[in-house]
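Notes follow once the structure below has been shown.
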Number of protein chains: 2
Amino acid sequence: MPRPDRTNPPVDEPRLETGRPDFGLSRLQLDAYSGEQLYRQLYRMLRAAILSGDLAEGEAIPSENQLRDQFGIARTTVRNAMSLLVSEGLVQQVRGRGTIVSHRPISHSIWNFGSFTELARRQGQRPVTRVLEHQVEHGELHLVRARGLANGEAVTWLNMDTSWLSLELYPGLERYDFAEQSLYETLRRDYGRHPMRSELLLTVVPPSERLRDVFAGAHVPGYLCASGDVLDGDDRLVERTSIVYSPAVQMKFATRWGRSTAQLPSGRDAGEQT
Amino acid sequence: MPRPDRTNPPVDEPRLETGRPDFGLSRLQLDAYSGEQLYRQLYRMLRAAILSGDLAEGEAIPSENQLRDQFGIARTTVRNAMSLLVSEGLVQQVRGRGTIVSHRPISHSIWNFGSFTELARRQGQRPVTRVLEHQVEHGELHLVRARGLANGEAVTWLNMDTSWLSLELYPGLERYDFAEQSLYETLRRDYGRHPMRSELLLTVVPPSERLRDVFAGAHVPGYLCASGDVLDGDDRLVERTSIVYSPAVQMKFATRWGRSTAQLPSGRDAGEQT
DNA sequence: TAGTGGTCTAGACCACCAT
DNA sequence: TGGTGGTCTAGACCACTAT
C-alpha cells in the first residue's frame, strides 16, 4: 500500500543493520522490503510485546530515540508507530518521562450520530458484530446486535442495536447471518432498499442486566438511546430501530442558529437557546 | 506548552506571509507567537469551518499542499492538524482524492435543541424562567435557570440550564435579573455578542434532588444532558453551558446519510448506521 | 544535566485518483 | 498527467522530568 519504493530491494545498501544495545525487544529487525510499512512493523512489534506481557503495565517502553537508533529509521517513523499505540490506548506518552504501558480505556467521539463502520475505519480498527437475538415475531424479524471494535483479542462494545424488519418487505431475510454481513448492505443488495435518513427520539434507558453485561460498564445511571424509524429515499420504512450507546461513545453534535437571529426585528429571542 | 521557540517574536522574518490564492477559509492566518501550536490553530480553524457548515458534508477541504503554501508551514504540521480532524471523525482522507468532510449535519433538523422561546411561542404558551442560582465564582457568572411553560397558574418545567459566563467578557453582567430578561438578548444588546452555534456533548446525568424537585418527575433512571460551548460567528466563546432536559421534552432529531457514502471506495459500508 | 517526548522544517518518492 | 494523501528522511529547538 504505502511507502512504495523499495518494494524491490536495491542491490546495495543493506539499510537496516542491527546489533545495537539491546533492551526488551532486542534481536528483532524491520524489513524494509516486506511491503509492510516500517511504522506498522514497529507498531506490531511493540504491540505484541505489550500484549504478551513482556512490557508490563506501568513500564516504560524504549524511547523514541532508542528505537530510531536501534532500527535505523527516522524518528518520525517511530512516532507514527507510537501514535497507533496511543490511539489504541495501549500506551501513554509523557514528555520528559517516556512512553508508558497503560491499557487506558479510550473513548470514541461520534459527531452527529455518524456511521459505525466509519468510526471503526478511522481508528484502524476492525468493526465487530455479535448477534444477541434473532427471531421472527408477528411477521417481523427481531434482531439484536452488539457492535464494537476489536483491538487484537479485546473487543470494546460501543452499542446495542435492535432492529425490527418486516418479513413481508424482506422475505427470507431471517435466513441471513448478520454477524458476518452488514444488514444495510444486504437490504441494498438483495432487496433494493436504500436507507437514506432516520427520525429518532432520544431517551435514557435504565441499565438492564444485558446492557451492563455487554458494555461491561461501571455504574451508570442509564444509557443513551436513540430509537425511531429508518427510511429510504422515498420515505418508505426500512426498519424500526433502537440503538443504545455505551458510555465509551462520546455523542457530540453541533447546532447552528440561522443567521436570521441577528436580523430579526425587535427583541424576539429567536436565537435563544433552549 | 509545546513548540517553545518563538514565544517571543524575533524581530526579523515575518515568517507567515499570507496573500496566496484563497478558498473557503481565506483571510485567516496563523500566529506563530500566540503560544498555541501552529497545527492546533489550523485544526481549530478547519474544525470551526466544518462545524459551522461553511464546509459542507461531502465537500473536499483544501489539500495539504494548499494549506502548506497558504500558511507557509511544513506539510508535517498540516498533517498534524489533519490527524486531529480524522481522529474526531470530522473528516476522511482518501489518497488521490483529497480530504472530505464526513460530518453529518443534523443542526437544522433537530427539533428540540432549537430556541426555547420559539418552542413556547409555537405552542401558544408563555415561557417562564426561574433563577435557581446566580453567583460569581472565579471571575465567572454561574447561572442556573429552570425554564418551562405556563398554562394558567401551572408551570411545566422543561429544562434546567446552567451557564458559565466570563465577567471579563461581560463586565457587569452579574447585575442583571435573568428571570425577567433573556440572557442571550442581553448579550446581544448590551455586549454585542451574538450566539451563533454550539458544540455539545450528550450525556446522562443521575437524578439529583434538585432535578427531581424541578421536574417533579416520576422515577427516571437519569436525565438527558447536553453540555458544551456556545460560540459566536467568529468562533469566540459566548458561554459554556449544560442543559438538563425534563423527560417531558421529546428530543427528536433527524439524520441523513449523504449520497457521498455510496461513492466511497471499496466495499466498506460507509452508509451503515451506527 | 542528560534524556524524554512535543513541535517544526524542508525536502523526497510513491500509490492512487481524476482527467 | 497533475494533484492527492501516505510514507520516510535527517535534521532542529524546545519544555519537561528525573537525577
Side-chain angles (χ1 to χ4, degrees), chain A residues 1-8 10 13 15-16 21 23 30-43 46 59-69 71-86 91-100 102 121-122 124, chain B residues 1-8 10 13 15-16 21 23 30-43 59-69 71-86 91-100 102 263-266:
Chain A
M1 29 191 65
R3 208 189 73 271
D5 55 344
R6 59 177 107 148
T7 31
N8 293 324
E13 190 209 8
R15 260 233 87 256
L16 293 178
F23 33 72
L30 302 184
D31 178 2
Y33 313 112
S34 73
E36 187 184 19
Q37 304 93 309
L38 293 177
Y39 78 93
R40 281 218 144 257
Q41 295 178 50
L42 178 56
Y43 155 72
L46 293 168
E59 253 182 61
I61 72 177
S63 80
E64 298 182 350
N65 285 335
Q66 279 178 327
L67 293 169
R68 161 177 57 92
D69 294 340
F71 295 109
I73 56 183
R75 197 177 142 215
T76 306
T77 305
V78 176
R79 282 183 68 76
N80 279 342
M82 291 299 188
S83 77
L84 290 181
L85 294 173
V86 169
V91 120
Q92 223 165 332
Q93 298 197 286
V94 184
R95 173 165 31 180
R97 187 119 60 98
T99 299
I100 287 104
S102 94
R121 199 182 322 136
R122 174 164 88 234
Chain B
M1 30 193 66
R3 209 186 74 268
D5 55 346
R6 57 178 108 147
T7 32
N8 293 324
E13 192 206 7
R15 259 235 85 252
L16 295 178
F23 32 73
L30 303 184
D31 179 2
Y33 313 112
S34 74
E36 187 184 19
Q37 304 94 308
L38 294 176
Y39 78 93
R40 281 217 143 257
Q41 294 178 51
L42 180 55
Y43 155 71
E59 255 182 59
I61 72 177
S63 79
E64 297 182 350
N65 285 336
Q66 278 178 328
L67 292 170
R68 160 174 58 87
D69 294 341
F71 294 109
I73 57 181
R75 196 175 145 219
T76 306
T77 304
V78 175
R79 283 184 66 77
N80 279 342
M82 293 298 190
S83 77
L84 290 181
L85 294 173
V86 169
V91 119
Q92 226 167 318
Q93 298 198 286
V94 184
R95 174 165 28 181
R97 185 118 63 99
T99 300
I100 286 109
S102 84
Q263 301 158 5
L264 284 178
S266 82

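Predicted model only: the values in this text are computed from it and were never measured. Protein chains get the first letters and strands the later ones, always in sequence-line order, with residue 1 at the start of each.
- Under 4.0 angstrom from either OP1 or OP2 of dT4(C) there lies at least one side-chain N or O belonging to S63(A).
- When rounded to the nearest whole Å, the span between CG of L84(A) and P of dG6(D) equals 13 Å.
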What's touching nucleotides 17-19 of chain D from the protein side, N or O pairs under 3.5 Å?
unit_1  : atom_1 : unit_2 : atom_2 : d
dA18(D) : OP1    : R97(A) : NE     : 3.1

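- Between L46(A) and V91(A), every side-chain heavy-atom pair lies at or beyond the 4.5 Å cut-off.
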Could you pull out every donor-acceptor pair under 3.5 Å between side chains of residues 76-85 of chain B and any protein atom, sequence neighbours left out?
unit_1 : atom_1 : unit_2 : atom_2 : d
R79(B) : NH1    : E64(B) : OE1    : 3.3
R79(B) : NH1    : E64(B) : OE2    : 3.0
S83(B) : OG     : N80(B) : O      : 2.9

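- Taking atom CZ of residue R79(A) and atom P of nucleotide dC8(C), one finds them 11 Å apart after rounding to whole Å.
- Atom-to-atom, CD of Q37(A) to C1' of dT7(D) comes out at 8 Å; the value is rounded to the nearest Å.
- For the pair L67(B) CG and dG5(D) P, the interatomic distance rounds to 8 Å; values are reported in whole Å.
- At whole-Å resolution of the value, CD1 in I100(B) and P in dA18(C) are 9 Å apart.
- E64(B) has its CD atom 18 Å from the P atom of dA12(C), to the nearest Å.
- Remark: Y39(B) is not in phosphate contact with dC8(C), judged by side-chain N or O atoms under 4.0 Å from OP1 or OP2.
- The base of dG6(C) has none of its N or O atoms less than 3.5 Å from a complementary donor or acceptor on the side chain of R40(B).
- For the OP1/OP2 pair of dT9(D) and a distance below 4.0 Å, the side-chain nitrogens and oxygens of T77(A) include at least one atom meeting the criterion.
- OP1 or OP2 of dT7(C) has not a single side-chain nitrogen or oxygen of T76(B) nearer than 4.0 Å.
- Rounding to whole angstrom units, CD of residue Q92(A) and P of dG5(C) are separated by 13 Å.
- In this structure, the CD1 atom of I73(A) is 16 Å from the C1' atom of dG11(D), given to the nearest Å.
- Remark: S63(A) pairs with no residue by the side-chain hydrogen bond (donor to acceptor under 3.5 Å, both in side chains) rule, at least two apart or across chains.
- Proximity of R75(A) to the phosphate of dA10(D): no side-chain N or O atom is located under 4.0 Å from OP1 or OP2.
- No side-chain donor-acceptor contact under 3.5 Å links Q93(B) to the backbone of V86(B).
- A side chain to side chain contact (heavy atoms under 4.5 Å, CB included) with R75(A) is found for one member of D69(A), N65(A), L67(A) and no other, namely N65(A).
- With sequence neighbours left out, the side-chain hydrogen bond (donor to acceptor under 3.5 Å, both in side chains) criterion links Q92(A) to S102(A).
- Here CZ of R97(B) is found 13.0 Å from CZ of R95(B). Values are rounded to the nearest 0.5 Å.
- Residue Q93(A) places at least one side-chain N or O under 4.0 Å from the OP1 or OP2 atom of dG6(C).
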